[in-house]
Each structure stands twice: as C-alpha cells, then as structure tokens.
Peer 1: 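Once you've had a glance at the structure underneath, I'll fire off some questions.
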Amino acid sequence: MGEPHGIGVIGLGVILDAYLTTLADHHGVRIAAVADLDPARAAAVADALPGTRACSVDELLGTDDVETVLDLTTPGAHAEIALACARSGKNHYGEKPLASTLDDARRVVQAAGAAGIGLGCAPDTVLGTGVQTARAIIDAGLIGTPTGAVATWVSPGHEAWHPNPDFYYLPGGGPLLDMGPYYLTSLVHLLGPVVAVTGSAGRLRDRRTIASGARAGEVVPVEVATHVAGTLEHATGAISTVTVSFDAAGTRARPIEVYGDEGAVAVPDPNTFAGDVELLRRGSTSWDLVAPRAGFVDSSRGLGLLEMVGSAGLGAAPETARASGAVGLHVMEIMTGLLEAASSGRRTAVTTAPARPDLVPLTERETWRWGI
Ligand SMILES: NC(=O)c1ccc[n+]([C@@H]2O[C@H](COP(=O)([O-])OP(=O)(O)OC[C@H]3O[C@@H](n4cnc5c(N)ncnc54)[C@H](O)[C@@H]3O)[C@@H](O)[C@H]2O)c1
C-alpha cells in the first residue's frame, strides 16, 4: 500500500464524529489538518487526533499534504468551500446538499470539472447494506417491473436536539434540502434518474424555539417550506411520491417502499447504512426478511469519500465513485424543481441525467477498513 491519502476537514460540528469513526484510523487516509471558523474548536479537534494540526481554512487549502477536503460546514458555505477547492486543486467531498441553491450547485460542478478535481457529495449512507440490498432485489427482478415508490420522513423539527439549528430553517435547509437527499438519492439508486417533478409545499410556523444546548429558549426565523410533498417521474416511467416534514409529530410509515407488479420491497432508513430489508411477493401476505446481499457492511459516514479516493477496498477510481457530484447535482435539481413546481403550480422538467450508480457488491468490513 502507498502513502495514505491526505485529508483536510473543514467544519468541525455535530456530524464530525460520525466521519471520524470511519476515517480517523483508516489505513488508506490520513487526516492531516482541520479548520473551522472557530479556531478553538479546530485546536481541540486536532489535539484529539494524533498527527493532525489545526489551521485556518486558507492555510488548509494551501498545504501540500491535503489532497482532498472533507467539507462538513453548514449548507450555506458548501459552494464557497468547493469553489475554493477547485481554485486550490484539492478534491472536494462535502456534506449534503451540494450547495444551498441550484445555481451554486451547477457552478460547483462546472468549476470542479474545469479544474479536474474530484467532487463527491453525501449522503453515502445509501451505499450501505440497506439501500443496496433493496436495489439488488429490484435488479434481480424479484418485484417484477418497478412501478414506483413511496418515501416518507417526518419529524417535529431538528431544533428539538440540535444546539445550533438555524441553518435548518434558512435557504439550503428545510426538510427537503436537509433530509430529502437521503430519500431522493436512494430513489435514484433504486429506480434510476428522474426526468420531471411536481410538488406542493407549506409552512406551519415562521419561528422556531431552540430546545437544547447553550442557546435553549432562543427563537430562530423560518425562511423555508417545512412540509413538502412531491411526485417524481423516473426516466424508466416509474413514479415515486415523497413527503418530508418538520411539521409533523411522527409516522408509522416505512421510510421507503418500492412497488413492482410482482412484489414490493421495504427499504430501511436511508439516513443509516443498514437495517431490515423485507420482500413481499405477489399473492403472499407476509413480508420476508432478506439477508444483506449488497453494500458496504458495518459502514459509516466517510465511505463515499473513501471510494472517491480509491480507498474503499474496491479499487474504484474517482470517476466511478457513487457518492458523486453528478448525483448530488441531480438530487439538488430534483429538490429545487419540486419547490419550483410547488410555487408555480406547474410540472418541472429535470435536465441533469447522471447514470444510475452501479450496485455496490457485498463488501465486508475488513475489506473496506483496509482500503486495498
Ligand atoms: N448534525 C447531523 O446530525 C447531521 C447529519 C448528517 C449530515 N449533516 C450535515 O452536515 C453539515 C454540518 O452539520 P452539523 O450538524 O455538523 O453543523 P454544525 O453547525 O454543528 O457544525 C458546522 C461547523 O462548520 C463550521 N463552519 C461553518 N461555516 C464555515 C466556514 N465557511 N469555514 C469553516 N468552518 C465553517 C461552524 O463553525 C461549525 O463548527 C450540514 O450540511 C448538515 O446537513 C448533519
């Protein structure tokens, strides 16, 4: 194995630890540097990671031992960091959404292409055994011809637990741009790209009260739709319906069900990597548990970055990585198209058409951990 691939992390908030679980002691990568708007936060994170130094964002982008930037900033900063990476010749793998507007997302993809840098975008949860096993079932013809899917995610809102939930209620946030990427990226893997969308969107309240942390009791403004429903027309002719909400107490709906004329498959929470996949065959009334048959086993956030830098144990080159900027842009276009349809009352065509990402073969933990 050669030298570990140099990573620099920008944005060191709540989600950082999930990435460190995967990347901190992975053999294929080395976290060389970390940066945050809050230098004290960067210093504390660097102290806990042997061999990692804290620095400013500009220093991180200027250093030779960082080849790929992991961008865990809030959505409003994703485009700015990605464009800076393109200027600095660093690969960029960022949290979702790719940017907070479609125009910015397009600019990012264009700049990355022109600079010849790798561009990756979360979520990579869809590469785990949950979504990938469901995908393998569909590809094996076990539900017959896929006719569509129903995807549902609802909650009362992230201010219940997140100490700084402002960004969830600003452009780039809302239940669609925040949670939609898990569900819509799953649907692109399961049923292929989308060609048109329709939608409706609403907002129950104009303000939210932070419920935990140092700012508990503080009120934050709501500038986005907080309950969104939409219809997705896939290129295959399959039709998916999606509901996402920060305005609903709870649901018993399955995260995703995919229907076909010969069966149906229940897909576990796409915000996690694994979970029970169940198959219903036409004529039967029982949903049978399906053992994992595809996907990264026991994986966690960062797998998409590992795949992008060729360290996920599959020998994948950046151009075949599945959590790609192309899929991130497509999902962004689906989401913004849906919101546009909601405001115009008209069906919106989706112009980007990435290839449906390849199935992830069943890849044991030992394989992706060693990154050979
Ligand atoms: N919190 C979660 O459970 C969760 C889960 C999955 C994905 N995400 C995604 O991860 C991203 C970050 O979420 P979070 O919850 O960790 O947010 P957070 O607010 O806890 O942390 C974000 C960090 O980024 C830093 N930051 C913001 N702009 C910056 C800039 N321009 N330069 C340097 N640092 C900057 C902030 O100082 C902060 O430390 C979001 O895109 C979110 O959608 C979060």
Peer 1: So, the side chain of D178 versus the backbone of G173: is there a donor-acceptor pair under 3.5 Å, distance only?
Peer 2: no

Peer 1: D71 and T73: side chain to side chain donor-acceptor pair (under 3.5 Å), yes or no, with the steps?
Peer 2: CA-CA 6 Å; D71 177 359; T73 62; 2.6 Å; yes

Peer 1: May I have the step-by-step check of side-chain contact (heavy atoms from CB on, under 4.5 Å) for L176 and V228, ending in yes or no?
Peer 2: CA-CA 7 Å; L176 187 61; V228 183; 4.1 Å; yes

Peer 1: Please answer whether the main-chain N or O of G118 pairs with a side-chain N or O of K90 as donor and acceptor at a distance below 3.5 Å.
Peer 2: no

Peer 1: Give a yes or no on whether L279 and V277 share a hydrophobic cluster (residues Ile, Leu, Val, Met, Phe, Trp, Tyr; joining criterion: side-chain heavy atoms under 4.5 Å apart).
Peer 2: yes

Peer 1: Check whether any side-chain heavy atom of E278 sits under 4.5 Å from a side-chain heavy atom of V290, and report yes or no.
Peer 2: no

Peer 1: Just verifying a value: how many Å separate T209 OG1 and E159 CD, rounded to the nearest 0.5 Å?
Peer 2: 7.5 Å

Peer 1: Whether D124 and K96 form a salt bridge (side-chain N of Lys/Arg under 4.0 Å from carboxylate O of Asp/Glu) is what I want to check.
Peer 2: no

Peer 1: Could you state whether V34 and L20 fall into the same hydrophobic cluster, counting links through intermediate Ile, Leu, Val, Met, Phe, Trp or Tyr residues with side-chain heavy atoms under 4.5 angstrom apart?
Peer 2: yes

Peer 1: Carefully, step by step, assess Y168 and H162 under the rule ring-ring contact (aromatic ring centres under 6.0 Å, His included).
Peer 2: CA-CA 10 Å; Y168 291 118; H162 198 291; 5.4 Å; yes

Peer 1: Is the shortest side-chain heavy-atom distance between T147 and I239 below 4.5 Å?
Peer 2: no

Peer 1: H5 vs S311, test: side chain to side chain donor-acceptor pair (under 3.5 Å). Steps then yes/no.
Peer 2: CA-CA 8 Å; H5 186 93; S311 292; over 6 Å; no

Peer 1: Say whether, by atom type as modelled, one donor and one acceptor occur between the side chain of T367 and the main chain of T363 under 3.5 angstrom.
Peer 2: no

Peer 1: For the backbone of I31 and the side chain of T52, can you confirm whether one donor and one acceptor N or O come within less than 3.5 Å of each other?
Peer 2: yes

Peer 1: Could you walk me through whether L102 and L329 pass the side-chain contact (heavy atoms from CB on, under 4.5 Å) check?
Peer 2: CA-CA 8 Å; L102 180 59; L329 177 61; 4.0 Å; yes

Peer 1: Ignoring hydrogens and geometry, is there a side-chain-to-backbone donor-acceptor pair from R41 to L12 under 3.5 Å?
Peer 2: yes

Peer 1: For residues L83 and A111, report the shortest heavy-atom separation together with the two atoms involved.
Peer 2: CD2-CB, 3.6 Å

Peer 1: Is the closest basic N to carboxylate O distance between E333 and R106 below 4.0 Å?
Peer 2: yes

Peer 1: Is the backbone of D288 close enough, under 3.5 Å, to the side chain of S286 for a donor and an acceptor to pair up by distance?
Peer 2: no

Peer 1: Between A229 and T243, what is the shortest heavy-atom contact and its length?
Peer 2: CB-OG1, 4.2 Å

Peer 1: Using a 4.5 Å cut-off on heavy atoms from C-beta on, say whether the side chain of P357 contacts that of S324.
Peer 2: no

Peer 1: To the nearest 0.5 Å, what is the distance between CG (L306) and CG (L23)?
Peer 2: 5.5 Å

Peer 1: Could you tell me whether R365 sits above the aromatic face of W370, with NZ or CZ closer than 6.0 angstrom to the six-membered ring centre and within 45 degrees of the axis?
Peer 2: no

Peer 1: Between C85 and L61, is there a side-chain heavy-atom distance shorter than 4.5 Å?
Peer 2: yes

Peer 1: To the closest 0.5 Å, what do you measure between CD1 (I137) and CD (Q132)?
Peer 2: 12.0 Å

Peer 1: Between R356 (side chain) and H189 (backbone), is there a donor-acceptor pair under 3.5 Å?
Peer 2: yes

Peer 1: Do the ring planes of W368 and H26 sit parallel (below 30°), tilted (30 to 60°) or perpendicular (above 60°)?
Peer 2: parallel

Peer 1: Compare every heavy atom of A33 with every heavy atom of V66, then report the nearest pair and how far apart it is.
Peer 2: CG2-CB, 4.2 Å

Peer 1: State whether D17 and R301 are salt-bridged, where the test is any N-O pair (Lys NZ or Arg NE/NH1/NH2 against Asp/Glu carboxylate O) under 4.0 Å.
Peer 2: no

Peer 1: Using modelled atom types and a 3.5 Å cut-off, is there a donor and acceptor pairing between side-chain atoms of T272 and backbone atoms of D269?
Peer 2: yes

Peer 1: Hey, could you give me the OG/CG distance between S240 and L190, rounded to the nearest 0.5 Å?
Peer 2: 8.5 Å

Peer 1: T21 vs S300, test: side chain to side chain donor-acceptor pair (under 3.5 Å). Steps then yes/no.
Peer 2: CA-CA 7 Å; T21 301; S300 52; 5.4 Å; no

Peer 1: What closest approach, in Å, do A323 and P123 show between heavy atoms, and which atom pair accounts for it?
Peer 2: CB-O, 4.3 Å

Peer 1: Tell me whether T241 contacts the main-chain N or O of V150 through its side chain, where contact means a donor paired with an acceptor under 3.5 Å.
Peer 2: no

Peer 1: Quick one: do Y182 and Y19 end up in the same hydrophobic cluster if we chain Ile, Leu, Val, Met, Phe, Trp and Tyr together by side-chain heavy atoms under 4.5 Å apart?
Peer 2: yes

Peer 1: Should E364 and R369 count as an ion pair when the cut-off is N to O under 4.0 Å?
Peer 2: no

Peer 1: Is there a side-chain contact between L60 and I10 (heavy atoms, below 4.5 Å)?
Peer 2: yes

Peer 1: Can you see which heavy atom on A264 is nearest to which on Y259, and at what distance?
Peer 2: CB-CD2, 3.9 Å

Peer 1: Dump the intermediate steps for side chain to side chain donor-acceptor pair (under 3.5 Å) on Y93 and E307, then the final yes or no.
Peer 2: CA-CA 11 Å; Y93 182 93; E307 201 182 32; over 6 Å; no

Peer 1: Considering all heavy atoms of both residues, which atom of M332 and which atom of T101 are nearest to each other, and what is their separation?
Peer 2: CE-C, 3.5 Å

Peer 1: Same cluster or not: are L98 and V188 linked, directly or through other Ile, Leu, Val, Met, Phe, Trp or Tyr residues, by side-chain heavy atoms under 4.5 angstrom apart?
Peer 2: yes

Peer 1: Supply the atom-to-atom distance T74 OG1 to L170 CG, rounded to the nearest 0.5 angstrom.
Peer 2: 9.0 Å

Peer 1: Contact between P165 and I210 at the side-chain level, heavy atoms closer than 4.5 Å - yes or no?
Peer 2: yes

Peer 1: One pair to check against side-chain contact (heavy atoms from CB on, under 4.5 Å): L16 and V45. What are the steps and the verdict?
Peer 2: CA-CA 9 Å; L16 172 69; V45 170; 3.8 Å; yes

Peer 1: With distance as the sole test, does R135 use its side chain to make a donor-acceptor pair with the main-chain N or O of A294 at under 3.5 Å?
Peer 2: no

Peer 1: Could you check if a side-chain atom of L187 sits within less than 4.5 angstrom of a side-chain atom of L232, using non-hydrogen atoms only?
Peer 2: yes

Peer 1: Do you reckon V242 sits in the same ILVMFWY cluster as M179, going by side-chain contacts under 4.5 Å, direct or chained?
Peer 2: yes

Peer 1: Between R53 and T63, do the side chains contain a donor N or O and an acceptor N or O under 3.5 Å apart?
Peer 2: yes

Peer 1: Rounded to the nearest 0.5 Å, how far apart are CZ of R205 and CG of D247?
Peer 2: 6.5 Å

Peer 1: If you measure from the Lys or Arg side-chain nitrogens to the Asp or Glu carboxylate oxygens, is any gap between E257 and R254 under 4.0 Å?
Peer 2: yes

Peer 1: Under a 4.0 Å threshold between the charged nitrogen and the carboxylate oxygen, would D65 count as salt-bridged to R30?
Peer 2: yes

Peer 1: Apply the test side-chain contact (heavy atoms from CB on, under 4.5 Å) to residues V258 and I143: give CA-CA distance (whole Å), side-chain angles for both, the deciding distance (0.1 Å), then the verdict.
Peer 2: CA-CA 8 Å; V258 184; I143 67 165; 3.8 Å; yes

Peer 1: Compare all side-chain heavy atoms of I256 with those of Y183 and state whether any distance is below 4.5 angstrom.
Peer 2: yes

Peer 1: Given the side-chain rings of Y169 and H158, with only the six-membered ring counted for Trp, is the space between their centroids under 6.0 Å?
Peer 2: no

